[in-house]
S.K.: 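What follows is a structure written as structure tokens; I'll ask about it next.
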2 protein chains.
Amino acid sequence: MNAPTISAVTCGDCPIRHRAVCARCDTDELNELDAIKYYRTYEAGQPIIWSGDVMNFVGSVVSGIATLTQTMEDGRTQMVGLLLPSDFVGRPGRDGAAYNVVATTEVVMCCFRKKPFEDLMVRTPHIAHRLLEMTLDELDAAREWMLVLGRKTAREKIASLLSIIARRDASLTPKGATNNMSFDLPLTREAMADYLGLTLETVSRQMSALKKDGVIELEGKRRVTIPDMGRLMEEAGDDSDGGLIG
Amino acid sequence: MNAPTISAVTCGDCPIRHRAVCARCDTDELNELDAIKYYRTYEAGQPIIWSGDVMNFVGSVVSGIATLTQTMEDGRTQMVGLLLPSDFVGRPGRDGAAYNVVATTEVVMCCFRKKPFEDLMVRTPHIAHRLLEMTLDELDAAREWMLVLGRKTAREKIASLLSIIARRDASLTPKGATNNMSFDLPLTREAMADYLGLTLETVSRQMSALKKDGVIELEGKRRVTIPDMGRLMEEAGDDSDGGLIG
DNA sequence: GATCTCGATTGATCTGGGTCAAAGTTTCTG
DNA sequence: CAGAAACTTTGACCCAGATCAATCGAGATC
């Protein structure tokens, strides 16, 4: 997944089609979006936005993984969202960013300049509606995560995270395999800890425990296989299948 | 604060003016809203919506306090939002409710039937924009709370909750006093615990500790006075003044 | 006034996960 | 290939907050 060059790409053949924004756009609107967009690449570890900064763009992740985090003055940090390809970044109608956005891997963003995007949004109601739906999804995901953070044990937290990534991953691949699926963990143990409100040591211990108990299989540190998705969801304390990533 | 009778009230003189919805409506739109609205009273402890139920209305809290909660099968529950007067309830474009909504005190809701409300939303873009702003606010609040749940100590959690309620309370009263403000805690110790991901015993202990240390004063169990708001926010580990209630 | 109930407080004890520390792996670099 | 740097695992110990249990109001209800 290399960054497409700006001139060669229209919104219509964006690798990701801007699931959030373009899904219902007609040709004229796509052309308008096309006129105000540009691509930008961020290296792994590089900040994309600092909390409090003025944001002059909105956009979608084309490839790579980014995280949303909040930090206290003493350095304690909590991840509040995970951005995977096709996820939308930005707050139409808001000037400042509310969290840090950091590239975890190399990230390619397709950005729209904010002011013209907002103008377009005012003229085309379905974009506003799409953004509302999207924001409601993120709100659901955030609240689902509040239950994880507030009430689940370390083991359940890990299982919840793995189950969310697995499910998310499955929905991106054509065949939505439910068993024996495997994927690469896009996060370090430390990032997982920041997401789950744990320490990296605890994350490591619980990963080992889940492996020992046959809930997951590990190849190297990052490649994870889920022999039995139902079992994993039980471990997550999760009968229902709710839960998205913000 | 008694429930106004349906016939006597127009949206324009709703006691709360539907901060979320009506702020920018013109007369025609207010009349339309008026035609599809009705009032409903819920007793303390009564469920307003069950998670998964089909919701056929959206609306605002006129008076009283309600909570949004998520529950696991084994009974562990996490509060994911607090609804105070003027807060909006409902998910335009969604059929099912995602959480339980329960009246903590007696609650009066001003409801709009969902279908006509959505129709109105399609015709009047500023309502959709207002709802988007509102949802972004709730998302910010939820993510702020994720930091509280994931990374703060019990004492900091309590201080955070008190500071949020105090700030929220201050913004509702004409004079936004910052020091020596007092308010009635709208929550039992158990509800506070569910909000903070703690047990009620820990909540009680930390409340006693904050009282002993002069951070708060208590009259009876519920009346709280904050002699020094800055001190409270320090205790919350919160230099910034972020944080709303979802 | 006696009793019940529901919430709140306080104490004693236990434990899950944090903290501190030491190796082990993998990848990168010279 | 050696050495470094970054990430991960594992062990030993400790403590904040959970759990279990007893007591204490403050309203209700009789």
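To find a chain, count down the sequence lines: A is the first, B the second, and so on, and within it residues start at 1. Basis for what follows: all heavy atoms, side chains included, without hydrogens, waters or symmetry-related copies.
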S.K.: For a quick check of understanding: with a heavy-atom distance under 4.0 Å over all strands, which category does Ser204(A) fall into, base, sugar-phosphate or nothing?
M.R.: base

S.K.: If the threshold is 4.0 Å, N to carboxylate O, is there a salt bridge linking Lys152(B) and Asp238(B)?
M.R.: yes

S.K.: Sequence neighbours left out, what passes salt bridge (Lys or Arg N to Asp or Glu O under 4.0 Å) with Arg231(A)? Give chain and number order.
M.R.: Glu235(A)

S.K.: Which side-chain N or O atoms in residues 185-193 of chain B pair as donor and acceptor under 3.5 Å with protein atoms at least two apart or in another chain?
M.R.:
unit_1, atom_1, unit_2, atom_2, d
Thr188(B), OG1, Glu190(B), N, 3.3
Thr188(B), OG1, Ala191(B), N, 3.0
Arg189(B), NH2, Lys221(B), O, 3.1

S.K.: Round to a whole Å and report the spacing from CG of Leu218(A) to P of dC7(D).
M.R.: 18 Å

S.K.: State which residues pass side-chain contact (heavy atoms from CB on, under 4.5 Å) with Thr202(B); sequence neighbours excluded, sorted by chain then number.
M.R.: Ala154(B), Leu198(B), Thr199(B), Gln206(B)

S.K.: Going by salt bridge (Lys or Arg N to Asp or Glu O under 4.0 Å), name the residues that satisfy it together with Arg205(A), two or more places apart in sequence or in a different chain.
M.R.: none

S.K.: Could you write nucleotides 13-29 of chain D as a row of B, S and -, 5' to 3', where a protein heavy atom under 4.0 Å of any base atom gives B, of only sugar-phosphate atoms gives S, and otherwise -?
M.R.: ----SSBB---------

S.K.: According to side chain to side chain donor-acceptor pair (under 3.5 Å), who are the partners of Thr67(A), at least two apart in sequence or on a separate chain?
M.R.: none

S.K.: Which helical stems does DNA chain D take part in, if a stem means at least 3 consecutive Watson-Crick or G-U pairs with both distances below 3.5 Å?
M.R.: C:1-30 with D:1-30

S.K.: Please list, chain by chain and in numerical order, all residues satisfying side chain to side chain donor-acceptor pair (under 3.5 Å) with Thr135(B), sequence neighbours excluded.
M.R.: none

S.K.: What residues, two or more places apart in sequence or in another chain, satisfy salt bridge (Lys or Arg N to Asp or Glu O under 4.0 Å) together with Asp184(B)?
M.R.: Arg223(B)

S.K.: Give a yes/no answer on whether the side chain of Ser208(A) brings an N or O atom under 4.0 Å of OP1 or OP2 in dT10(D).
M.R.: yes

S.K.: For chain B and DNA chain C, what are the first and last nucleotides along the strand, 5' to 3', with at least one atom under 4.0 angstrom from a heavy atom of the protein chain?
M.R.: dA8(C) to dA12(C)

S.K.: Would you please name every residue forming a side chain to side chain donor-acceptor pair (under 3.5 Å) with Thr153(A), sequence neighbours left out?
M.R.: Glu156(A)

S.K.: What pairs meet the side chain to side chain donor-acceptor pair (under 3.5 Å) rule with one or both residues in residues 209-219 of chain B, with sequence neighbours excluded?
M.R.: Arg155(B)-Asp213(B)

